[in-house]
Amino acid sequence: GIYQAQHNYQDALECMKKTLEIRKVLLPINHPDIGASYSNQGVIYRRLNQLDSALKFYTMAVEIYRKSMPAHHPHIAATLMNIGLIYEDK
């Protein structure tokens with residue numbers, strides 16, 4: 001998004017939180033778009049060096065992806081890679 005490109009991570013995070021709230025109202029709880037919202041927040045928390053929060057959101061994303069996508073879906077692989085990067089950063 002625009003805020004991310006500008007390195008305005010706090011505003012980006014606020015927009016992502018609002019997006020997640022809307023998606024939770026409109027979509028089933030294990031919808032991949034909700035997983036994407038969690039993953040996006042994980043990205044921002046990682047950029048803010050809030051690694052525990054990033055790990056929490058990536059984990060929630062991968063749990064949803066595993067319930068809603070084929071086992072070898074690229075989103076699952078990418079999110080697992082992001083989780084690995086968090087452990088590498090710690």
Side-chain angles (χ1 to χ4, degrees):
I2 292 172
Y3 289 132
Q4 253 182 294
Q6 296 173 342
H7 303 280
N8 186 349
Y9 299 125
Q10 290 299 332
D11 286 339
L13 190 57
E14 287 306 311
C15 287
M16 289 178 188
K17 287 178 181 181
K18 289 176 186 175
T19 300
L20 177 60
E21 288 174 21
I22 293 167
R23 286 178 172 176
K24 282 182 168 181
V25 170
L26 298 175
L27 300 171
I29 193 67
N30 288 319
H31 194 282
D33 287 351
I34 293 175
S37 287
Y38 287 135
S39 183
N40 291 338
Q41 287 185 55
V43 169
I44 297 300
Y45 281 120
R46 183 165 180 245
R47 291 197 175 147
L48 290 170
N49 203 36
Q50 295 180 23
L51 301 181
D52 290 334
S53 293
L55 181 60
K56 173 186 162 188
F57 281 90
Y58 285 142
T59 301
M60 290 189 294
V62 82
E63 287 173 1
I64 289 175
Y65 289 157
R66 284 181 168 155
K67 292 176 185 175
S68 62
M69 296 178 166
H72 293 87
H73 196 282
H75 288 348
I76 295 172
T79 306
L80 290 172
M81 183 187 73
N82 286 333
I83 289 170
L85 292 172
I86 294 295
Y87 285 112
E88 187 178 273
D89 289 346
K90 281 189 166 193

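Rounding to the nearest 0.5 Å gives a distance of 5.0 Å between OH of Tyr65 and NE2 of His75. In this structure, the separation between OH on Tyr87 and CG on Asn82 is 13.0 Å, given to the nearest 0.5 Å. Note that CE of Met60 is 10.0 Å distant from CG of Leu55, once rounded to the nearest 0.5 Å. Here the NZ atom belonging to Lys24 is positioned 8.0 Å from the CD atom belonging to Glu21, to the nearest 0.5 angstrom. Put simply, SG on Cys15 and CG on Asn40 are 11.5 Å apart, with the number rounded to the nearest 0.5 Å. Considering CG of Leu51 and CD of Glu88, their distance stands at 11.5 Å, rounded to 0.5 Å.
Ring geometry for Phe57 versus Tyr45: interplanar angle under 30°, hence parallel rather than tilted (30 to 60°).
For the pair Gln10 and Leu48, the minimum side-chain heavy-atom distance is below 4.5 Å. Side chains of Asp52 and Lys90 form a contact here, defined as non-hydrogen atoms less than 4.5 Å apart.
Of all the heavy atoms in Pro32 and Met69, the pair that sits closest is CB-CE, 3.5 Å. Heavy atoms only, all atoms of each residue included: Ala12 and Ile44 are closest at CB-CD1, 4.1 Å. Leu20 and Ser37 get closest at one heavy-atom pair: CD1-CB, 3.7 Å. Of all heavy-atom pairs spanning Thr79 and Ala61, the tightest one is CG2-CB, 4.2 Å.
Under a hydrophobic clustering in which Ile, Leu, Val, Met, Phe, Trp and Tyr are joined whenever their side-chain heavy atoms come within less than 4.5 Å, directly or via other members, Ile86 and Val62 fall into the same cluster. Transitive grouping of hydrophobic side chains (ILVMFWY, heavy atoms separated by less than 4.5 Å) keeps Tyr38 and Ile83 in distinct clusters.
At least one donor-acceptor pair closer than 3.5 Å links the side chain of Ser68 to the backbone N or O of Ile64. Put simply, the side chain of Arg23 gets close to the backbone of Asp33: a donor and an acceptor are under 3.5 Å apart.
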I would like to know whether Arg66 and Leu80 meet side chain to side chain contact (heavy atoms under 4.5 Å, CB included); could you show each step before the answer?
CA-CA 11 Å; Arg66 284 181 168 155; Leu80 290 172; 3.7 Å; yes
